Amino acid sequence: MDTERSHQPHTDLRLERISKRFDDLLVINDLSLEVYKGELCCLLGPSGCGKTTTLKIIAGFLEHEEGSVYLAEREITDIPPQERDVGMVFQNYALFPHLSVFDNVAYGLRRRGWSLKDIREKVADMLDLVQLSGYGKRRIQELSGGQQQRIALARALVIEPELLLLDEPLSNLDARLRVRMRSEIRRIQRALDITTIYVTHDQEEAMSIADRIVILHQGVIEQIGTPREIYEKPLNRFVADFIGRVNLLQGRVEGPHLYLLGGTFLIPKRGWPEGKVTCAVRPERIRLGPEGSGFLTALIEEATYTGSLVHYRLTAEEGARIHAELPSPEAVYEPGERVGLAWDATDIRLFPI
Ligand code: ATP
């Protein structure tokens with residue numbers, strides 16, 4: 001029991017009922033959020049949903065009309081940005097181009113009045129952490145995109161902030177470097193055990209790096225959960241549709257029965273909505289078998305081979321389009337064939353229309 005209690009997450013950042021308007025536009029709508037000590041929490045959502053605005057409110061760069069911000073049990077709502085104990089990395093890194101790598105990283109320490117000896121030691125430690133020891137004398141223009149990104153990270157972390165805010169920190173990098181740098185960020189974030197909020201619109205990035213993901217939509221949190229919870233147990237149609245690929249099929253629930261695509265399915269008692277519903281099922285959860293097997297018959301319209309997987313586009317007998325995905329060795333079916341479809345009752349999610 002005691003061990004369990006000691007592992008209870010401890011809230012580090014708390015947003016309480018935040019609202020923000022730009023003129024008549026309500027951009028953040030009564031948003032509350034708790035981020036735990038040492039976790040990496042991704043804010044994910046479509047363009048314009050309020051991710052950057054939320055980050056700026058936490059950093060203190062933007063005033064908001066309502067609500068409070070707490071960091072390490074201290075209210076910081078009215079505290080200016082430089083006194084908030086927050087480090088930030090922006091999309092464009094915002095490094096000082098006329099200063100050397102050393103001076104960029106040393107900047108926050110100088111402002112805090114550190115001695116030159118201590119600054120040298122600390123900057124050397126940080127450059128070591130981001131694996132750029134020996135780069136201190138370089139000009140910023142002499143660095144690659146990935147190296148600049150690491151220096152921006154070192155500059156934000158050198159002051160040992162309570163909270164690290166990252167706003168699309170990898171969007172200037174090419175795809176391969178992005179993947180490498182995101183594991184770098186994760187390594188450093190874990191090594192320092194620093195509470196981090198990471199804004200991205202790239203769901204794969206969020207899924208691979210986050211402890212928890214916050215799905216934002218029009219200034220409202222649609223769901224907070226681990227990547228697995230968000231993908232496998234979306235709370236609503238928006239989240240199911242936004243994360244990954246999904247089939248959204250129209251059906252009807254009456255008691256323990258789901259009427260869908262001309263078939264009747266028994267659904268386990270789980271508080272599903274009654275009446276018209278959208279049934280969400282992931283393409284990889286659909287099983288294909290010979291015609292006559294499974295619950296439904298469908299015609300294969302298209303099969304796309306992608307190496308490890310084959311994507312199938314199918315039409316069910318009553319006209320609905322369905323996507324399925326099979327590992328290549330199991331994908332023995334060809335366009336023009338009729339197949340039987342099946343899935344497990346636990347693999348569907350039902351949402352009211
Ligand atoms: P993106 O992924 O495109 O960066 P985002 O989720 O970060 O989007 P925000 O930058 O937070 O979105 O913007 C949220 C909304 O607020 C948008 O509709 C945007 O047009 C609006 N907005 C942001 N900044 C301002 C501003 N300074 N003045 C007026 N409207 C603004």
Side-chain angles (χ1 to χ4, degrees), residues 13-35 40-69 71 76-78 80-81 84 86-95 145 148-149 152-153 156 163-175 177-179 181-182 185 195-225 227 230-231 234-244:
L13 173 79
R14 186 151 58 89
L15 304 183
E16 212 173 79
R17 309 203 62 178
I18 303 277
S19 291
K20 169 73 192 164
R21 284 177 189 280
F22 288 114
D23 302 319
D24 287 343
L25 185 68
L26 183 61
V27 171
I28 303 295
N29 185 1
D30 200 17
L31 182 147
S32 295
L33 171 66
E34 291 190 357
V35 180
L40 194 157
C41 183
C42 271
L43 296 187
L44 178 67
S47 182
C49 70
K51 304 181 292 292
T52 298
T53 302
T54 305
L55 213 63
K56 285 182 177 166
I57 289 170
I58 297 169
F61 297 140
L62 254 187
E63 286 187 7
H64 56 284
E65 288 77 40
E66 281 166 52
S68 315
V69 183
L71 181 59
I76 57 167
T77 316
D78 298 318
R84 286 197 175 196
V86 167
M88 188 147 179
V89 177
F90 300 90
Q91 190 170 347
N92 57 5
Y93 318 138
L95 292 166
Q148 289 189 30
Q149 198 274 343
L153 201 56
L163 180 68
L164 177 65
L165 302 177
L166 303 169
D167 191 1
E168 303 261 6
L170 305 180
S171 55
N172 285 346
L173 306 178
D174 68 46
L177 194 53
R178 261 203 322 260
V179 171
M181 288 310 298
R182 75 184 182 213
I185 289 179
T195 311
T196 301
I197 303 190
Y198 188 116
V199 163
T200 180
H201 65 265
D202 179 337
Q203 53 171 280
E204 196 212 319
E205 196 164 288
M207 297 288 272
S208 60
I209 201 173
D211 291 307
R212 287 189 308 154
I213 297 177
V214 176
I215 304 284
L216 262 186
H217 178 218
Q218 298 178 343
V220 172
I221 295 179
E222 297 280 355
Q223 188 167 357
I224 306 176
I230 298 271
Y231 185 80
L235 284 183
N236 56 43
R237 187 191 158 118
F238 174 83
V239 177
D241 200 16
F242 184 70
I243 297 287

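As the structure is a prediction and not an experimental result, all values here were calculated from the model. In each ligand, atom 1 is the first atom listed, and ligand 1 is the first ligand listed.
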Trainee: Taking the side chain as C-beta and beyond, is there a heavy-atom pair between Thr77 and His64 under 4.5 Å?
Mentor: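 Answer yes - side chains close enough.
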Trainee: Salt bridge (Lys or Arg N to Asp or Glu O under 4.0 Å) with Arg14: which residues, sequence neighbours excluded?
Mentor: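 Salt bridge (Lys or Arg N to Asp or Glu O under 4.0 Å) check on Arg14 returns Glu16.
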Trainee: Quick test of your reading: applying side-chain hydrogen bond (donor to acceptor under 3.5 Å, both in side chains), list the pairs with at least one residue in residues 208-223, sequence neighbours left out, ordered by first then second residue.
Mentor: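 Matches after skipping sequence neighbours: Glu39-Arg212, Arg182-Ser208, Arg186-Asp211, His217-Glu222, Glu222-Asn236.
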Trainee: Heavy atoms under 4.0 Å from ligand 1: which residues qualify?
Mentor: Phe22, Leu25, Val27, Pro46, Ser47, Gly48, Cys49, Gly50, Lys51, Thr52, Thr53
Trainee: State, yes or no, whether a side-chain contact exists between Leu15 and Ile57 at a heavy-atom distance under 4.5 Å.
Mentor: no
Trainee: Could you tell me whether Glu65 atom CD has more than 12 heavy atoms of other residues or ligands within 6.0 Å of it?
Mentor: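 Enclosed.
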Trainee: Going by atom type alone, with no hydrogens or angles, which donor-acceptor pairs under 3.5 Å involve a side-chain atom of residues 48-55 and a protein atom two or more places apart or on another chain?
Mentor:
from: Lys51; atom 1: NZ; to: Gly45; atom 2: O; distance (Å): 2.9
from: Lys51; atom 1: NZ; to: Pro46; atom 2: O; distance (Å): 3.2
from: Thr52; atom 1: OG1; to: Asp167; atom 2: OD2; distance (Å): 3.4
from: Thr54; atom 1: OG1; to: Gly50; atom 2: O; distance (Å): 2.7

